[in-house]
Amino acid sequence: MTTALFSPYTIKNVTLKNRIVMAPMCMYSSHNQDGKVENWHKIHYSSRAAGQVGLIMLEASAVTPQGRISNEDLGIWSDDHVEGLKELVSLIKELGSKTAIQIAHAGRKSMADGDSIAPSSIPFNDQMKTPVEMSIEDIQETVEAFKQGARRAAEAGFDIIEIHAAHGYLINEFLSPLSNHRTDQYGGSKENQYRFLREIIDAVKEVWTGPLLVRVSASDWDDRGLSAEDYIPYAQWMKEQGVDLVDVSSGAVVPARIQVYPGYQVKMAETIRQGAGIPVGAVGLITSGIQAEEILQNERADLIFLARELLRDPYWPRTAAKELKTEIKSPVQYERGWNN
Ligand SMILES: Cc1cc2nc3c(=O)[nH]c(=O)nc-3n(C[C@H](O)[C@H](O)[C@H](O)COP(=O)(O)O)c2cc1C
């Protein structure tokens, strides 16, 4: 039987061998607090590549030191980061997977040293810093930082870039009316709330011609906030700007109760896929091969992003293949033990 999960998928010039994506997961393991790749990153990402994951996406990598979630985040704010990232990319590619990096700024959710910045001076909660409201100059500098991050990602040899516009970090803070109370051209209307992301996408595309993904939080889980339907026009604009796929997550813009159950965000992915006519990735409590196959075969999403399940089982593609009664290639060194 031909499974959808193990069928290849082409985005622009990049063909993934299957639909399985390692979702971005912060490791907080740059122990020298310089944003550089360490041995842990090399082992962690390469293991999932050996496990036959089609696309390995590196964790949120900060485009400025101030944009880190913690002091131990991976970084892409300096040319000094390129060498380590390049080595990591080559290790993953040698194992047959494609590579992506999520470029990010934590905004008001930064717990790294120093002040945090955001569209408006409203803290996420009373334990977090009160951010400094960004000036137009701050906005321009941050757009430029995303552009330089994309340029470095290209130099390091990544196949794909994902812009992190989800989980209540800086870009998401502009998109949502719950965190964006600005009265200038970056707040108020939907067009204005989108402007910061629009400028980032345009700036990134000046230095990056490869596949471009954007991760969004397609629900604020708050009646006064955004829903998946609200993300349809945003996704249409992304498509017009040349974004290739929207990676659909949700929440974390404001503290909220989220009802989680298997595949709890898939419906949002489906809504955006149908509403905006753009390919999407589904993520969130997807744990079995059958569940992933259902999502793909019913055309609810184009790619399956897995986070925690890949922490538990780096060889999940093999587990899923067994469940779907199909065989997948092993690393040649593992052939004697792989499919029996
Ligand atoms: C340890 C850990 C770190 C994470 N770091 C990031 C991140 O850097 N960027 C991001 O967009 N999401 C991050 N997430 C969210 C995951 O990518 C994913 O969306 C979420 O865990 C739901 O998927 P799952 O049920 O397969 O774990 C992280 C999740 C975990 C468990």
Side-chain angles (χ1 to χ4, degrees), residues 4-25 53-61 97-104 146 149-150 153-154 158-167 169 171-172 175 194 197-198 200-205 207-219 228 230-250 263 265-284 286 292-293 295-307 310:
L5 188 60
F6 293 102
S7 65
Y9 186 71
T10 300
I11 321 178
K12 277 198 165 155
N13 54 335
V14 176
T15 299
L16 313 179
K17 65 183 165 189
N18 58 44
R19 307 297 181 102
I20 305 166
V21 182
M22 179 174 182
M25 280 181 279
V53 170
L55 177 63
I56 303 286
M57 185 175 294
L58 263 61
E59 63 204 82
S61 301
S97 301
K98 299 295 181 192
T99 54
I101 186 163
Q102 188 186 50
I103 55 174
F146 271 95
F158 284 98
D159 298 299
I160 295 177
I161 292 179
E162 176 169 280
I163 297 171
H164 195 352
H167 301 163
Y169 297 116
I171 300 173
N172 196 176
L175 295 174
Y194 184 75
L197 176 54
R198 177 182 293 285
I200 289 170
I201 294 169
D202 284 343
V204 164
K205 285 187 97 48
V207 294
W208 176 256
T209 53
L212 183 62
L213 280 47
V214 176
R215 176 169 266 205
V216 298
S217 274
S219 169
D230 291 313
Y231 268 87
I232 293 173
Y234 282 161
Q236 280 165 335
W237 289 330
M238 288 179 212
K239 188 181 168 186
E240 282 165 20
Q241 287 187 273
V243 169
D244 298 287
L245 181 139
V246 182
D247 167 11
V248 184
S249 186
S250 77
Q265 294 170 151
V266 176
K267 183 97 189 92
M268 300 170 198
E270 194 175 1
T271 299
I272 290 174
R273 189 177 194 271
Q274 284 179 358
I278 190 166
V280 298
V283 67
I286 301 170
E293 189 67 12
I295 294 166
L296 295 169
Q297 291 280 7
N298 283 320
E299 300 184 349
R300 305 171 74 197
D302 303 273
L303 292 176
I304 301 294
F305 285 63
L306 296 172
L310 276 176

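Everything numeric here is computed off the predicted structure, so don't read it as measured data.
- Atoms CD1 and CD1, from Ile161 and Ile101 in turn, are 8.0 Å apart once rounded to the nearest 0.5 Å.
- At least one donor-acceptor pair under 3.5 Å links the side chain of Asp244 to the backbone N or O of Leu212.
- Nearest approach of Phe146 to Val204, heavy atoms of both residues: O-CG2, 4.0 Å.
- Environment of NZ in Lys205: crowded, with over 12 heavy atoms of neighbouring residues, nucleotides or ligands closer than 6.0 Å.
- Between the side chain of Lys12 and the backbone N or O of Ile160, no donor-acceptor pair lies under 3.5 Å.
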What do the steps show when you test Asp302 against Val280 for side-chain contact (heavy atoms from CB on, under 4.5 Å), and what is the final call? CA-CA 6 Å; Asp302 303 273; Val280 298; 4.1 Å; yes
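- To the nearest 0.5 Å, atoms NZ (Lys98) and CD1 (Ile11) are separated by 11.0 Å.
- No donor-acceptor pair under 3.5 Å is formed between the side chain of Tyr231 and the backbone N or O of Ala269.
- Closest non-hydrogen pair, Ala104 versus His164, comes out as CB-CB, 3.8 Å.
- Rounding to the nearest 0.5 Å gives a distance of 9.5 Å between CD1 of Ile295 and CG of Leu5.
- For the atom pair Asp247 CG and Leu303 CG, the distance stands at 9.0 Å (nearest 0.5 Å).
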For side-chain contact (heavy atoms from CB on, under 4.5 Å), just list the numbers for Tyr194 and Ile201, CA-CA rounded to whole Å, side-chain angles, deciding distance to a tenth of an Å, and then say yes or no. CA-CA 11 Å; Tyr194 184 75; Ile201 294 169; 3.6 Å; yes
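- Although no hydrogens or angles enter the test, the distance criterion places a donor-acceptor pair under 3.5 Å between the side chain of Gln265 and the main chain of Val283.
- The shortest distance between side-chain heavy atoms of Leu197 and Met238 falls below 4.5 Å.
- Closest non-hydrogen pair, Ile286 versus Leu306, comes out as O-CD2, 3.0 Å.
- Panel note: side chain Arg198, backbone Trp237; no donor-acceptor pair is recorded below 3.5 Å.
- For the pair Leu175/Tyr234, a side-chain contact is recorded, criterion being any heavy-atom separation below 4.5 Å from C-beta on.
- Counting all heavy atoms, side chain and backbone alike, His167 lies closest to Ser250 at CD2-O, 3.8 Å.
- In this structure, Asn18 contributes its side chain and Ile20 its backbone to a donor-acceptor pair below 3.5 Å.
- Atom OH in Tyr9 sits 5.5 Å away from atom CG in Leu245 (nearest 0.5 Å).
- Side chain of Thr99 to backbone of Asp159: a donor-acceptor contact under 3.5 angstrom is found.
- In terms of heavy atoms, Ala218 sits closest to Ile272 at CB-CD1, 3.8 Å.
- Note that CZ of Phe158 and CD of Gln102 are 11.5 Å apart. Values are rounded to the nearest 0.5 Å.
- With sequence neighbours left out, the salt bridge (Lys or Arg N to Asp or Glu O under 4.0 Å) criterion links Arg19 to no other residue.
- Heavy atoms only, all atoms of each residue included: Pro211 and Asn13 are closest at CD-OD1, 3.5 Å.
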